[in-house]
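See structure below.
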Amino acid sequence: MSSLLQGVNLYLIGMMGVGKTTVGRLLAKQLGYGFVDTDDVIAQAAGKSINQIFGEEGEAGFRQLESDVLSQVCAFTKLTIATGGGIVLRRENWGYLHHGLIVWLDAPVELIYSRLAEDTTRPLLQDANPQQKLRSLLEQRQGLYSQADLKITVQAGDTPEEIATRILEAIPSVLKTQVSHN
Ligand SMILES: Nc1ncnc2c1ncn2[C@@H]1O[C@H](COP(=O)(O)OP(=O)(O)OP(=O)(O)O)[C@@H](O)[C@H]1O
Ligand SMILES: O=C(O)C1=C[C@@H](O)[C@@H](O)[C@H](O)C1
Ligand SMILES: [Mg+2]
């Protein structure tokens with residue numbers, strides 16, 4: 001698989017809590033790829049948590065840092081990159097994402113909510129009605145996520161290992177499509 005990909009980066013996109021970081025780490029290991037999480041790189045570079053960045057610089061400040069990090073990461077090869085849930089919002093980010101293969105992890109809002117109900121590290125979910133907030137974010141972003149090369153639907157009970165395997169099994173079909181267009 002790794003040789004089929006020829007070093008092309010894999011970008012995982014999708015809503016917060018869908019499992020991009022968890023599955024991305026596994027995929028990287030299985031592919032012999034490096035692993036990068038854009039949220040972690042942003043927090044490390046800023047020396048602040050994501051919550052602090054949102055609090056001090058606003059969402060716009062965070063989005064700028066996110067684009068800066070993505071623009072640097074995409075220059076490397078052989079990486080699996082777990083992105084932040086809102087990376088799809090900026091048009092310029094798509095130019096970077098399309099350097100690699102983009103995989104959308106999609107899951108029902110109820111499943112995402114059950115995972116993140118107690119979470120305090122996602123600033124956009126610190127809302128009076130987090131489930132409704134998730135619903136409206138997904139509605140706003142669905143059309144953007146659907147521009148991915150590959151959509152993988154995640155259901156309750158799917159283990160990270162199963163999801164990683166499903167992604168690996170689906171990759172050849174996408175690569176074949178790309179080759180046949182050349
Ligand atoms: N397949 C799974 N089964 C059970 N729990 C999972 C699964 N995938 C992820 N989780 C759990 O759900 C939570 C969110 O997962 P994760 O941090 O990987 O999501 P994410 O897509 O990276 O979110 P964000 O966009 O906020 O970074 C974590 O507590 C993780 O352990
Ligand atoms: O969905 C989002 O907009 C976000 C998801 C997280 O990964 C972080 O990037 C941040 O909490 C914002
Ligand atoms: Mg993550």
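Not measured: the values here are computed from a predicted model. Counting starts at 1 for both ligands and their atoms, following the listed order.
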How close does the nearest protein non-hydrogen atom get to [atom], and which residue and atom is it?
atom	answer
atom 1 (N) of ligand 1	Asp158 O, 2.9 Å
atom 1 (O) of ligand 2	Arg141 NH1, 2.8 Å
atom 11 (O) of ligand 2	Pro123 CD, 3.5 Å
atom 22 (O) of ligand 1	Thr21 OG1, 2.8 Å
atom 25 (O) of ligand 1	Lys20 NZ, 2.6 Å
atom 5 (C) of ligand 2	Gly85 N, 3.2 Å
atom 10 (C) of ligand 2	Ile50 CG2, 4.0 Å
atom 6 (C) of ligand 2	Asp39 OD2, 3.5 Å
atom 9 (C) of ligand 1	Thr22 OG1, 3.5 Å
atom 17 (O) of ligand 1	Arg122 NH2, 3.1 Å

So if I count the atoms of ligand 2 from 1 in the order they appear, which ones are less than 4.0 Å from some heavy atom of [X]?
X	value
Gly86	1 (O), 2 (C), 3 (O)
Gly84	7 (O), 9 (O)
Phe62	9 (O)

Practice problem: Assign the ring pair His99 / Tyr96 to parallel, tilted or perpendicular, where the plane angle (0 to 90°) is split at 30° and 60°. | Solution: perpendicular

**Prompt:** Taking distance alone, with no angle check, do Gly19 and ligand 1 share an N/O pair under 3.5 Å?
**Reply:** yes

- Task: Please indicate whether any nitrogen or oxygen in Thr83 is less than 3.5 Å from any nitrogen or oxygen in ligand 1.
- Result: no

Using a cut-off of strictly less than 2.8 Å, determine whether Thr22 has an N/O/S atom near the Mg ion (ligand 3). no

- Closer than 4.0 angstrom: is that true for some heavy atom of Lys20 and an atom of ligand 2? no

- Please verify whether a non-hydrogen atom of Gln126 lies at under 4.0 Å from ligand 2. no

If we ignore angles and hydrogens, is there a donor and acceptor under 3.5 Å between the side chains of [X] and [Y]?
X	Y	value
Gln64	Arg90	yes
Ser49	Asn51	no
Ser67	Asn93	yes

Counting heavy atoms under 4.0 Å, the part of Arg115 that contacts ligand 1 is side chain

How long is the straight-line distance from [atom2] of [Y] back to [atom1] of [X], given to the nearest 0.5 Å?
X	Y	atom1	atom2	result
Asp119	Met16	CG	CE	9.0 Å
Ile102	Lys151	CD1	NZ	15.5 Å
Leu26	Glu162	CG	CD	11.5 Å
Arg122	Leu134	CZ	CG	10.5 Å
Tyr11	Leu150	OH	CG	16.0 Å
Leu138	Tyr145	CG	OH	7.0 Å

* To do: Take Asn9 and Thr80 through the test side-chain contact (heavy atoms from CB on, under 4.5 Å) and record every step on the way to the result.
  => CA-CA 6 Å; Asn9 290 338; Thr80 298; over 6 Å; no

Check each atom of ligand 1 against the heavy atoms of [X] and keep those under 4.0 Å away; list them by number with element.
X	answer
Ile163	1 (N)
Thr159	1 (N)
Met16	23 (O), 24 (P), 25 (O), 26 (O)
Gly17	14 (C), 19 (O), 20 (P), 21 (O), 23 (O), 24 (P), 26 (O)
Asp39	27 (O)
Gly85	25 (O)
Met15	21 (O)

The option among Arg63, Glu66, Met16 carrying the non-hydrogen atom nearest to atom 3 (O) of ligand 2 is Arg63

Check whether [X] and [Y] end up in the same hydrophobic cluster, where Ile, Leu, Val, Met, Phe, Trp and Tyr are linked by side-chain heavy atoms less than 4.5 Å apart.
X	Y	result
Val36	Trp94	yes
Tyr33	Val73	no
Leu116	Leu12	no

Q) Is any side-chain heavy atom of Gln155 less than 4.5 Å from a side-chain heavy atom of Leu111? A) no

Note to self: I'd like to know if Ala82 contacts ligand 1, where contact means a heavy-atom distance under 4.0 Å to any ligand atom.
What the structure shows: no

In short, Ile53 meets Ala43 closest at the heavy-atom pair CD1-CA, 4.5 Å

* **Distance flag for atom 7 (C) of ligand 1, protein heavy atom under 4.0 Å** => yes

Are there protein heavy-atom neighbours of atom 15 (O) of ligand 1 below 4.0 Å? yes

- request: State whether Arg166 and Asp158 are salt-bridged, where the test is any N-O pair (Lys NZ or Arg NE/NH1/NH2 against Asp/Glu carboxylate O) under 4.0 Å.
  value: yes

What I want to find out is whether Glu139 reaches Arg135 closely enough, with some N-O distance under 4.0 Å, to be called a salt bridge.
no

Quick look: Leu124 vs ligand 2, heavy-atom contacts under 4.0 Å, and the answer is side chain

